[in-house]
Amino acid sequence: MNARSLAKPDAAPALYAELKSNIDVCFVSESWLNKRIPSHLICPDGYTIIRKDRVGARTGGGVAIICRNDWKIRVLNFKANFEFETVWCKIQTTNSKYYMASIYHPPDPEVYKATDLIDFLSDSCDQILHDEPDAKIVIAGDVN
């Protein structure tokens, strides 16, 4: 979902309606969240949100992963992750395990080259597959 702002007044009810239509995991790009907006105002009951807000002077951007709160979710930290609008998580259901990333690559990232993002995603996948060769990896988002 490219939210183009979960901070808009009508965004949270729309998100709730989408999630309640039987969605287990939602990848959000362009969340437009910041430290002044608490997660509990955005994330509905029954779900957990992991978010990475854009930092710096630019507005907008940001990513999140929202999943059912009866699944275990853990943030993964990779080298160079701070540069990119990405959040990696390991999500465990009762019988499966997934490695998931939500990404946003803006039209003009200013601080990195597109090839740097591709290298980062490739290196992240390599690291996961090194530790767990049969890993299920999902990468979703907006890559202008």
Side-chain angles (χ1 to χ4, degrees), residues 1-56 58-109 111-112 114 116-144:
M1 154 191 287
N2 183 321
R4 190 106 171 121
S5 185
L6 289 176
K8 295 181 289 194
D10 61 341
L15 175 64
Y16 293 10
E18 286 290 326
L19 291 173
K20 294 301 180 183
S21 70
N22 218 12
I23 292 178
D24 297 323
V25 178
C26 178
F27 299 87
V28 180
S29 59
E30 289 198 77
S31 62
W32 289 31
L33 299 175
N34 59 55
K35 63 184 174 187
R36 294 183 310 265
I37 302 168
S39 293
H40 74 272
L41 294 179
I42 304 304
C43 189
D45 289 339
Y47 289 86
T48 300
I49 186 171
I50 303 295
R51 58 190 249 197
K52 182 175 179 187
D53 304 341
R54 179 178 279 176
V55 294
R58 292 179 71 177
T59 59
V63 293
I65 296 177
I66 302 170
C67 85
R68 296 169 29 167
N69 68 1
D70 61 331
W71 290 355
K72 293 178 186 173
I73 186 168
R74 181 173 60 89
V75 177
L76 301 175
N77 292 308
F78 292 106
K79 243 183 194 177
N81 188 33
F82 64 91
E83 295 179 62
F84 308 110
E85 291 182 69
T86 63
V87 62
W88 276 95
C89 294
K90 178 180 178 181
I91 297 176
Q92 289 185 263
T93 68
T94 52
N95 54 6
S96 293
K97 177 177 3 178
Y98 301 93
Y99 295 86
M100 300 186 176
S102 181
I103 65 172
Y104 177 58
H105 172 68
D108 180 18
V111 294
Y112 66 87
D116 295 337
L117 175 62
I118 298 298
D119 289 344
F120 167 71
L121 293 171
S122 178
D123 292 346
S124 300
C125 290
D126 287 347
Q127 189 174 345
I128 291 167
L129 292 169
H130 176 269
D131 296 338
E132 194 169 329
D134 294 329
K136 297 173 192 145
I137 299 173
V138 178
I139 300 173
D142 185 348
V143 287
N144 290 290

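Predicted model, so just to flag it, every value in this text is computed and none were measured. For the single chain, residues carry numbers from 1 onward in sequence order.
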For [X] and [Y], work out which heavy atoms get closest and say how close.
X	Y	result
S5	A11	O-CB, 3.4 Å
S102	I65	CB-CG1, 3.6 Å
P109	R58	O-NH1, 3.3 Å
I103	V63	C-CG1, 3.7 Å
P13	P9	CD-O, 3.8 Å

Please set out all donor-acceptor pairs under 3.5 angstrom arising from side-chain atoms of residues 86-95, sequence neighbours excluded.
{"residue": "T86", "atom": "OG1", "partner": "N81", "partner atom": "OD1", "Å": "2.6"}
{"residue": "T93", "atom": "OG1", "partner": "N95", "partner atom": "N", "Å": "3.3"}
{"residue": "T93", "atom": "OG1", "partner": "N95", "partner atom": "OD1", "Å": "3.4"}
{"residue": "T93", "atom": "OG1", "partner": "S96", "partner atom": "N", "Å": "2.9"}
{"residue": "T93", "atom": "OG1", "partner": "S96", "partner atom": "O", "Å": "3.3"}

Counting only pairs under 3.5 Å, give me each side-chain donor-acceptor contact of residues 15-26, with atom names and distances, residues two or more places apart or in other chains.
{"residue": "K20", "atom": "NZ", "partner": "D45", "partner atom": "O", "Å": "3.2"}
{"residue": "S21", "atom": "OG", "partner": "E18", "partner atom": "O", "Å": "2.5"}
{"residue": "D24", "atom": "OD1", "partner": "R68", "partner atom": "NH1", "Å": "3.2"}

Separation of [Y] [atom2] from [X] [atom1] (nearest 0.5 Å):
X	Y	atom1	atom2	answer
C43	I49	SG	CD1	5.5 Å
E85	D53	CD	CG	9.5 Å
T48	I73	OG1	CD1	6.5 Å

Can a donor-acceptor pair be found, under 3.5 Å and without considering hydrogens, that links the side chain of S31 to the backbone of L6? no
Spell out, as yes or no, whether a donor-acceptor pair under 3.5 Å connects the side chain of R54 to the backbone of T59.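 Answer holds: yes.
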Using atom types as modelled, flag every donor-acceptor pair under 3.5 Å from a side chain in residues 121-134 to any protein atom, sequence neighbours excluded.
{"residue": "S124", "atom": "OG", "partner": "F120", "partner atom": "O", "Å": "2.8"}
{"residue": "E132", "atom": "OE1", "partner": "K97", "partner atom": "NZ", "Å": "3.4"}
{"residue": "E132", "atom": "OE1", "partner": "Y99", "partner atom": "OH", "Å": "2.7"}

Holding to side chain to side chain donor-acceptor pair (under 3.5 Å), I want the full list of residues that pass it with S39, two or more places apart in sequence or in another chain.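 Listed in chain order: R51.
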Could you tell me which residues satisfy side chain to side chain donor-acceptor pair (under 3.5 Å) with R4, sequence neighbours excluded, listed by chain and number? E30
Just jot down the side-chain contact (heavy atoms from CB on, under 4.5 Å) partners of [X], sequence neighbours excluded, or say none.
X	value
P38	H40, L41
D116	F84, Y112, K113
A140	F27
P107	Y104, N144

Any M100 side-chain heavy atom under 4.5 Å of C67 side chain: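 They are not in contact (no side-chain heavy atoms under 4.5 Å apart), so the answer is no.
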Looking at K72, I'd like to know if its NZ atom is crowded, meaning that more than 12 non-hydrogen atoms belonging to other residues, nucleotides or ligands lie closer than 6.0 Å.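 Atom NZ in K72 is not crowded, with 12 or fewer foreign heavy atoms closer than 6.0 Å.
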